[in-house]
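Take a look at the following structure, please.
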There are 2 protein chains.
Amino acid sequence: MGDKTRERVKRVATDIGFRPNALARGLLSKRSFTIGLLTNDTYGRFTLPVMAGVSEALVDHGVSVFLCAIEDDPALGQIHVEAMLDKQVDGIIATGKRMDRSLPVDLSNLSVPVVYAFTEGTPNSVIFRSDDAHGAALAVEWLQSIGRRWIVHVTGPKDFFSVRERADAYSIAAGECQQVLYGVWSESWGHEAVGLLWERAGDKPDALFCGNDQIARGTVDALRERGIKVPEDVSVIGFDNWEIVAAQTRPPLTTVDMELKELGRQAGLTVLALAEGRPVEPGVRKLPCRLVVRQSCGGEPSKE
Amino acid sequence: MGDKTRERVKRVATDIGFRPNALARGLLSKRSFTIGLLTNDTYGRFTLPVMAGVSEALVDHGVSVFLCAIEDDPALGQIHVEAMLDKQVDGIIATGKRMDRSLPVDLSNLSVPVVYAFTEGTPNSVIFRSDDAHGAALAVEWLQSIGRRWIVHVTGPKDFFSVRERADAYSIAAGECQQVLYGVWSESWGHEAVGLLWERAGDKPDALFCGNDQIARGTVDALRERGIKVPEDVSVIGFDNWEIVAAQTRPPLTTVDMELKELGRQAGLTVLALAEGRPVEPGVRKLPCRLVVRQSCGGEPSKE
DNA sequence: CTGAAAGCGCTTACAG
DNA sequence: CTGAAAGCGCTTACAG
């Protein structure tokens, strides 16, 4: 009962590697120290960085994350949500592959806090997203700063909200000479767009601002096949900073990074705050993008 | 106390959406219905399909999965393992990005079952991996079946076990004319290899069997730049079936799929079996690969 | 067959 | 300040 006994108990406890049962603790504290990450992004292109940020932010607080990939299947979504609720998750983060679509499952009346990241949320919820207008402006301004004057925007389908948002920001920044070509999110569309631009009469652009890295890669390949030098003759800039595409393009792509990991970090900290009852303002939070300078534009890779 | 009361209780229970607290159940049953997936594969190229398979296999059994990305950081690995143990996971699946390296964390004396999938395991553990020799044989035999005779193997670094395994299988199947070019896992190595092969004197190969889809893409692009037609003049086959690379190559790549999702499914079911005390034979289980026929080889896309 | 009690592994509030 | 009891939400084994 004395100090020595106390000491000995403590020592033995650590010696045999005693670890308290988190389930039993959770029963009392009403906290499971787990959260769920729900996504319909099968490829993981957007979800992986978000997940990395969430995990990084929460591991220090002892919380683990359930990853639930639900495709676009409402039934599967329902099953996963119920499984998470049964396991008493402290909160749920919903994430996806585009900002203007919601997951195929209703998260609006759950007993646990929900935060939306890179997917559409319900009114009055907490929503994190990238500031695509800012990203587009970064791209255009960079091209202008290295002397480009006739910048064409080759992008994805017009029904994407982020496509319209980027195109609008481009329009404001691009000046007098401007043109937007809408298409699909593929390399072949990039090819095709170069065909359209270079086979018509008149001046050719000296820069292409592409809606994603795949389109950018397509344009770079198409330009090379036409004997046009990137970046000497034409600068090309991408969007997404998807390593595997951006870094393997020849030359490697200068591109806009949406800072999804940081977005995940903030979503993680926010859901934790809500779980602990701390007040959080609802609303949309737009996170700034970051320009990643490689070699497809020319210019110094030292700006950032 | 009568049947009516019983009925009424049941009805009310479902009406108000009563769901038993899994934490409390776990306290009794010694089962948490959670497992942990530990990985050092940051890109998620291999982990995502494995994860999808694990999740798909286990969701029906009510088990959720903690995803823990530990990079190559032993300290982080330790933290995540302890967090999982605290949360009483029923088992752990370790996965990674190559078969001949182990995760930077010791899983050999845990109180819960461990299954290894696409990463090196400890002796006497249960290990799932793809049968790369089978995959290589599939590739070579397909090329031969469509009439190719002089097949060169352009692959990754020789210190990868899977590289040696595939090269050996290639050697056995390729017949008299054979050559292996070791390099790195990049498109530019594919380019370079085409340069080496086509700038030397003598006969040129009529087929390239590449060690991954990135190398294959590099060779296809390099061949096109030389005016050599794929698949008319040369067939190219990849490895990994990494959609984003294989499908966007022009022409889309015929490639070998390692069936990682199925590997994940089996790993999931196996760790569940172990958790339930069912007997499982230790040892390495090699899963067959599958040929995915697209257009980079020619031949009919109907075989499979 | 029904209903009350004991117990899973902890923590918290309360007597001594 | 120390130690025993009560209780988190369930399930299981045991009396009635």
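Proteins get letters first, then strands, A, B, ... in listed order; numbering begins at 1 in each. Only this structure's heavy atoms are used, side chains among them; waters, hydrogens and symmetry mates stay out.
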Seminar exercise, completed: Rounded to whole Å, the CZ-P distance (Phe33(A) to dC10(C)) equals 15 Å
Exercise. Can you check whether Phe66(A)'s main-chain N or O pairs, donor with acceptor, with Lys87(A)'s side chain at less than 3.5 Å?
Worked result: no
Problem set entry | Any donor-acceptor N/O pair, Asp41(B) side chain to Phe46(B) backbone, under 3.5 Å | yes
Exercise. Any donor and acceptor pair, going by atom type alone, linking the side chain of Asn40(A) with main-chain N or O of Leu103(A) inside 3.5 Å?
Worked result: no
For this session: Could you tell me whether a side-chain N or O of Thr270(B) sits under 3.5 Å from a main-chain N or O of Gln266(B), the two making a donor and an acceptor?
Result: yes
Exercise. Under 6.0 Å from the six-membered ring centre of Phe160(B) and within 45° of its axis: does the NZ or CZ of Arg98(B) meet both?
Worked result: yes
Problem set entry | Leu58(A) and Leu272(A), any side-chain heavy atoms less than 4.5 Å apart | yes
Exercise. Name the one of Ile93(B), Leu38(B), Leu107(B) that satisfies side-chain contact (heavy atoms from CB on, under 4.5 Å) with Tyr116(B)?
Worked result: Leu107(B)
Atom pairs under 3.5 Å: protein N/O with N/O of nucleotides 5-9 of chain C:
| unit_1 | atom_1 | unit_2 | atom_2 | d |
| --- | --- | --- | --- | --- |
| dC8(C) | O3' | Lys30(B) | NZ | 3.0 |
| dG9(C) | OP1 | Lys30(B) | NZ | 2.6 |
| dG9(C) | N2 | Ala24(A) | O | 3.4 |

For this session: Using the six-membered ring of Phe33(B), assess whether NZ or CZ of Arg31(B) lies under 6.0 Å from its centre and within 45 degrees of the ring axis.
Result: yes
Exercise. If pairs are Watson-Crick or G-U with both distances under 3.5 Å, what is the dot-bracket string of DNA chain D, marking crossing pairs with [ ] and pairs to another strand with |?
Worked result: |||.||||||||.|||
